[in-house]
Amino acid sequence: MSLDAVLKRIDDEIPAALDRLFDLLRIPSISTDPAFKADCARAADWLVDDLRSLGFAAAAHATPGHPMVVAQGGEGGPHLLFYGHYDVQPVDPLSLWDRDPFDPELQDGARGKVIRARGASDDKGQLMTFLEALRAWKAVHGTLPCRLTIFLEGEEESGSPSLIPFMREHADALRSDLALICDTGLFQDTAPAIVTMLRGLLGEEIVIRAASKDLHSGMFGGLARNPIHVLSKILADMHDETGRITIPGFYDGVSELPEAIRAQWQNLAFDHAKFLGDVGLSIPAGEEDRTPLEMIWSRPTAEVNGVTGGYTGDGFKTVLPGEARAKVSFRLVGQQDPQAIREAFRDWVRARVPADCEVTFEGHGASPAGTMGIDHPAFEAARAALVAEWGRPASYVGCGGSIPIAGYFKTELGMDAMLLGFGRDDDQIHSPNEKYDLECFHKGIRSWARLLARLA
């Protein structure tokens, strides 16, 4: 029985595969909201049942947060681990959704049919591409293609607080020859890609307090310190006029992009004008001496994600606020040390706070950047499999986002990781009306089958 028989089985079973995906999408597994704790457990149990139907020994393991699903099956060949996450982002604001986020529907889209629901692309649809490839393989061959471990997390969208302790406790069960991660996308929405560089992430919340209470701006304005003024000046000072970040030591561990990689990226012909134009912008910001792809794949950032203070409701209130808050995130690259940057940032802020104000901080996660080596023969096998399915060259690319698990596989388990996924930039993965193109779901399943045929 050949690969052709597996691919035909995939094609014939797409309606049934969609039914299974829709069942999973109907479960509102929002990990960051305690109100959905039972639903997260229900999603884990659903996956355990599905994996058992494929012949895996599967179980949902309790953690202080949401369950981790681990399954073992198959034999022979390389030992591969597949990672995905079953939890999803919150759906707010609900009013911007065209339909119930957890009532999936196949709709007409700009490129054809799309699956519309929260989690359709990130990451339920993507993780199911791998499971459906295994289902077709098992139906045709009667066995799984090789020794496999499936590792599905329920806290990826809420900072993964249980992940590292769980990995350390279950290291023997999880350690394998190579980890496969399906949580990325196509390059410029059409070309298959293997991600080899991921930025790390550091989150900080700053609170500047001045007066002991909100004040009348007529009675105290001009005399009393305004914490919004203080905070705004600090945030503005994070970058100089060329776009460089001014925090001392921030660029320690940031290496220059190798010329061979720079040349490959230039050959990708990235259309930054379209990339910005699709979101209503036209002029690149950031460091003046860097190309657009460098800025989003291989350079660090400091971004203000939210600012609050004073009166922000309808109408107007002449208040002089007692405090102001900001959430700041840093995308990290190379060998940047998240904890060292956290301390440097806090010291830098403290030095700018006037004597009659106080500042407090709250950390929101910290993970280093990840660089995946491509020496493992599976990487070239993956490129060949992707070319065969998509009919276009498959490139090694960077990713501006952060997927900490890729680095943890290396630091905690000594394993390399390969990231390939089939999402598109317009999937709106953290926004209302999330979707996943049916073509990507279908071809993603076929891509995994082609790769497994080369590795098994």
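Count residues from 1 along the sequence.
- A salt bridge does not link Arg52 to Asp50: none of the charged nitrogens lies less than 4.0 Å from a carboxylate oxygen.
- Salt bridge Asp416/Lys410: present, at least one basic N to carboxylate O contact under 4.0 Å.
- A salt bridge does not link Arg244 with Asp240: none of the charged nitrogens is closer than 4.0 Å to a carboxylate oxygen.
- A salt bridge does not link Lys113 to Asp437: none of the charged nitrogens lies less than 4.0 Å from a carboxylate oxygen.
- Looking at Asp425, its side chain never comes within 3.5 Å of a backbone N or O of Asp189 through a donor-acceptor pair.
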For this session: Would you sort out whether Thr190 and Arg392 count as a side-chain hydrogen bond (donor to acceptor under 3.5 Å, both in side chains), showing the intermediate values?
Result: CA-CA 9 Å; Thr190 57; Arg392 298 192 57 176; 2.5 Å; yes

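- In this structure the side chain of Phe379 reaches within 4.5 angstrom of the side chain of Met418, judged on heavy atoms.
- Ion pairing between Glu323 and Arg325 holds under the 4.0 Å rule for side-chain N and carboxylate O.
- Annotation: Phe82 is not in aromatic contact with Phe151 [ring centroid separation under 6.0 Å not met].
- Of the charged side-chain nitrogens involved, at least one lies within less than 4.0 Å of a carboxylate oxygen, so that Glu205 and Lys327 count as a salt-bridged pair.
- Using the six-membered ring where Trp is involved, Phe422 and Trp390 have ring planes that are parallel, under 30° apart on the 30 and 60° scheme.
- Exactly one of Val88, Asp100, Asp39 qualifies for a side-chain contact (heavy atoms from CB on, under 4.5 Å) with Pro28. That residue is Asp39.
- Side-chain atoms of Ser402 come within 3.5 Å of backbone atoms of Gly200 as a donor-acceptor pair (strictly under, hydrogens ignored).
- If you run side-chain contact (heavy atoms from CB on, under 4.5 Å) between Tyr83 and each of Leu419, Leu180, Ile181, only Ile181 comes through.
- Ile27 and Lys124 get closest at one heavy-atom pair: O-NZ, 2.8 Å.
- In this structure, CZ on Arg118 lies 9.0 Å from CD1 on Ile429, to the nearest 0.5 angstrom.
- Relative ring orientation between Trp348 and Phe345 is described as parallel, the plane-to-plane angle staying below 30° on a 0-90° scale split at 30° and 60°.
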